[in-house]
Peer 1: 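Have a look at this one before I ask anything.
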Amino acid sequence: MTLKVAIVSNHGLQSEKTERQLRKLLAENKIEIDQGHPEIVISVGGDGTLLSAFHRYNHLLDQVSFLGVHTGHLGFYTDWRDYEIPELVSSLKENRGESISYPLLDIRIEYQDDKPAKHFLALNESTIKRGNRTMVADVYLKGEIFERFRGDGLSISTPTGSTAYNKSVGGAVLHPSINAIQLAEIASLNNRVFRTLGSPLVISADEWMEIRLQDSNDYMITVDQLDIQKDHIAAVYYKIAHERIHFASFRHMDFWHRVKDAFIGED
């Protein structure tokens, strides 16, 4: 049976050049390009391109694996370089369907009025902020109030997303074998009057989190690189998703090697 792949590329010159070479070699090796029903989705660019590919194909997560080619200086989700396309295509020919899976973030946004709730999946993270005003939100864990947060916002991340914005606001780096999500505060107000835990929280797979917001139409919510429309949001619910993302594992870098390569480099 012919292997079917889809290609998602950014518009950079090097990415376009790499995509042309990839398409040529795929055709020569009789690997079919099927943008609608692929078995493997290949992103060409950087981590942002892979995130775009994930959101384009997240309705097929039980059918596809992802594979990233990076054409810039750093790719946390990408295992192949742009000069390795011949080796990549050779590996595709020997593909045995093996993959490694990572947790995803399940997000449900509920509104103050009768507007239907919205549901999203995130590979990296979701953030909640409120314009240029202090955000006040009640944080519930498994339906019980934990704290009233005041500050710039909140970041909720997956283990793989723990190396992104979460890390920059003081969150811990979690290995993706840990099936959990993390809540990190963004510039919280802590004094004798207003108190929060002030430390990141790691939420297990059988728990969920609810962020109840004061009525306002100036909240800014992100889901990975997507900006969600501002509206009168009542609450946002977070938990580990039932779905998982699968990466083709015939060449998949160890997570801690990725972390070292991204933030420390070679000695």
Peer 1: Can you find a heavy atom in the side chain of Pro86 that is under 4.5 Å from one in the side chain of Gln21?
Peer 2: yes

Peer 1: Is a donor on one side and an acceptor on the other found under 3.5 Å between the side chain of Ser249 and the backbone of Ser99?
Peer 2: yes

Peer 1: Show the nearest heavy-atom pair for residues Ala234 and Gln112, with the distance to one decimal.
Peer 2: CA-NE2, 3.6 Å

Peer 1: Go through the steps to decide whether Val44 and Thr49 satisfy the test side-chain contact (heavy atoms from CB on, under 4.5 Å), and finish with yes or no.
Peer 2: CA-CA 7 Å; Val44 181; Thr49 310; 5.7 Å; no

Peer 1: Under the criterion side chain to side chain donor-acceptor pair (under 3.5 Å), I'd like the reasoning laid out for His232 against Asp215: C-alpha separation, chi angles, the key distance, then a yes or no.
Peer 2: CA-CA 6 Å; His232 289 269; Asp215 187 19; 2.8 Å; yes

Peer 1: Take atom CD in Glu28; do more than 12 heavy atoms of anything else shown fall under 6.0 Å from it?
Peer 2: yes

Peer 1: Do Asp79 and Leu67 have side chains that approach each other closer than 4.5 Å (heavy atoms only, starting at C-beta)?
Peer 2: no

Peer 1: CD of Glu32 to OG1 of Thr2: how many Å apart, nearest 0.5 Å?
Peer 2: 6.5 Å

Peer 1: Between Met209 and Val223, is there a shared hydrophobic cluster once you connect ILVMFWY residues whose side-chain heavy atoms come closer than 4.5 Å?
Peer 2: yes

Peer 1: I need the minimum non-hydrogen distance between Asp34 and Ala6, along with the two atoms involved.
Peer 2: O-CB, 3.6 Å

Peer 1: Would you indicate whether Lys115, at its atom NZ, is surrounded by more than 12 heavy atoms from other residues, nucleotides or ligands within a distance under 6.0 Å?
Peer 2: yes

Peer 1: If I take atom CD from residue Glu19 and atom CG from residue Leu26, how far apart are they, to the nearest 0.5 angstrom?
Peer 2: 10.0 Å

Peer 1: Might you point out which heavy atoms bring Ala172 and Pro200 nearest each other, and give the distance in Å?
Peer 2: N-CG, 4.4 Å

Peer 1: Among Arg20, Glu16, Gln14, find the residue that satisfies the side-chain contact (heavy atoms from CB on, under 4.5 Å) test when tested with Thr18.
Peer 2: Gln14

Peer 1: Taking atom OG1 of Thr127 and atom CD1 of Ile228, what is their separation to the nearest 0.5 Å?
Peer 2: 9.5 Å

Peer 1: Tell me whether Asn29 contacts the main-chain N or O of Leu25 through its side chain, where contact means a donor paired with an acceptor under 3.5 Å.
Peer 2: yes

Peer 1: Taking all atoms of both residues into account, what is the closest heavy-atom pair of Ser43 and Ala53, and its distance?
Peer 2: CB-CB, 4.3 Å

Peer 1: Applying the 4.5 Å side-chain criterion to the ILVMFWY set and letting contacts propagate, would Leu197 and Tyr140 be lumped into a single cluster?
Peer 2: no

Peer 1: I'd like to know if the side chain of Thr78 and the backbone of Gly46 have a donor-acceptor N/O pair within less than 3.5 Å.
Peer 2: no

Peer 1: Do Val173 and Trp256 have side-chain heavy atoms sitting under 4.5 Å apart?
Peer 2: yes

Peer 1: Please check if Ile128 and Ile233 belong to a single hydrophobic cluster, counting links between Ile, Leu, Val, Met, Phe, Trp and Tyr side chain heavy atoms closer than 4.5 Å.
Peer 2: yes

Peer 1: Working to the nearest 0.5 Å, report the span between CZ of Phe194 and CD of Glu147.
Peer 2: 13.5 Å

Peer 1: State whether the number of non-hydrogen atoms from other residues, nucleotides or ligands found under 6.0 Å of Lys4 atom NZ is greater than 12.
Peer 2: no

Peer 1: Less than 4.5 Å apart, any side-chain heavy atom of Tyr238 and any of Ile203?
Peer 2: no

Peer 1: Okay, side chain of Gln35, backbone of Ile7: is any donor-acceptor separation there less than 3.5 Å?
Peer 2: yes

Peer 1: Using 30° and 60° as the class boundaries, would you call the ring planes of Phe76 and Phe263 parallel, tilted or perpendicular?
Peer 2: tilted

Peer 1: So if you build clusters from Ile, Leu, Val, Met, Phe, Trp, Tyr with side-chain heavy-atom gaps below 4.5 Å, do Val169 and Ile156 land together?
Peer 2: no

Peer 1: Show the numbers, then the answer: is there a side-chain contact (heavy atoms from CB on, under 4.5 Å) between Thr196 and Arg150?
Peer 2: CA-CA 8 Å; Thr196 64; Arg150 290 176 175 85; over 6 Å; no

Peer 1: Roughly how far, to the nearest 0.5 Å, is CZ of Arg212 from CD of Glu110?
Peer 2: 9.5 Å

Peer 1: Hey, does Ile42 have a side-chain heavy atom less than 4.5 Å from the side chain of Leu92?
Peer 2: yes

Peer 1: With a cutoff of under 4.5 Å between side-chain heavy atoms, which Ile, Leu, Val, Met, Phe, Trp and Tyr residues group with Phe54?
Peer 2: Val8, Val41, Leu50, Leu51, Tyr57, Leu60, Leu61, Val64, Phe66, Tyr77, Ile100, Tyr102, Leu104, Leu121, Leu123, Ile245, Phe247

Peer 1: Got a donor-acceptor contact below 3.5 angstrom from the Ser126 side chain to the Thr222 backbone?
Peer 2: yes

Peer 1: Just by distance, do the side chain of Asp224 and the backbone of Asn124 share a donor-acceptor pair under 3.5 Å?
Peer 2: yes

Peer 1: Side chains of Lys93 and Ile31: closer than 4.5 Å at any heavy-atom pair?
Peer 2: yes

Peer 1: Check whether any side-chain heavy atom of Phe146 lies under 4.5 Å from a side-chain heavy atom of Leu201, and answer yes or no.
Peer 2: yes

Peer 1: Take Tyr237 and Glu210 through the side-chain contact (heavy atoms from CB on, under 4.5 Å) test and state the conclusion after the steps.
Peer 2: CA-CA 4 Å; Tyr237 294 82; Glu210 177 187 353; 3.2 Å; yes

Peer 1: Are any non-hydrogen side-chain atoms of Leu154 and Val139 less than 4.5 angstrom apart?
Peer 2: yes

Peer 1: Glu125 side chain to Tyr165 main-chain N or O, any donor-acceptor pair under 3.5 Å?
Peer 2: yes

Peer 1: For a quick test of reading the model, state the closest non-hydrogen atom pair linking Pro176 to Arg244 and the distance between them.
Peer 2: O-NH2, 4.5 Å

Peer 1: What is the minimum heavy-atom distance between Thr163 and Thr160, and which atoms define it?
Peer 2: OG1-O, 3.1 Å

Peer 1: If you group Ile, Leu, Val, Met, Phe, Trp and Tyr by side-chain heavy-atom gaps below 4.5 Å, do Leu141 and Leu213 land in one group?
Peer 2: yes

Peer 1: Could you give me the CA-CA distance, side-chain angles and deciding distance for His55 and Gln225, then say whether side-chain contact (heavy atoms from CB on, under 4.5 Å) is met?
Peer 2: CA-CA 10 Å; His55 284 281; Gln225 79 277 41; 3.7 Å; yes

Peer 1: Less than 3.5 Å apart, any donor N or O on the side chain of Asp47 or His70 sitting next to an acceptor on the other?
Peer 2: no

Peer 1: Going from CD1 on Ile109 to CG on Asp231, what distance comes out if it is rounded to the nearest 0.5 angstrom?
Peer 2: 10.0 Å

Peer 1: Tell me if the NE2 atom of His119 is crowded by more than 12 foreign heavy atoms within 6.0 Å.
Peer 2: yes

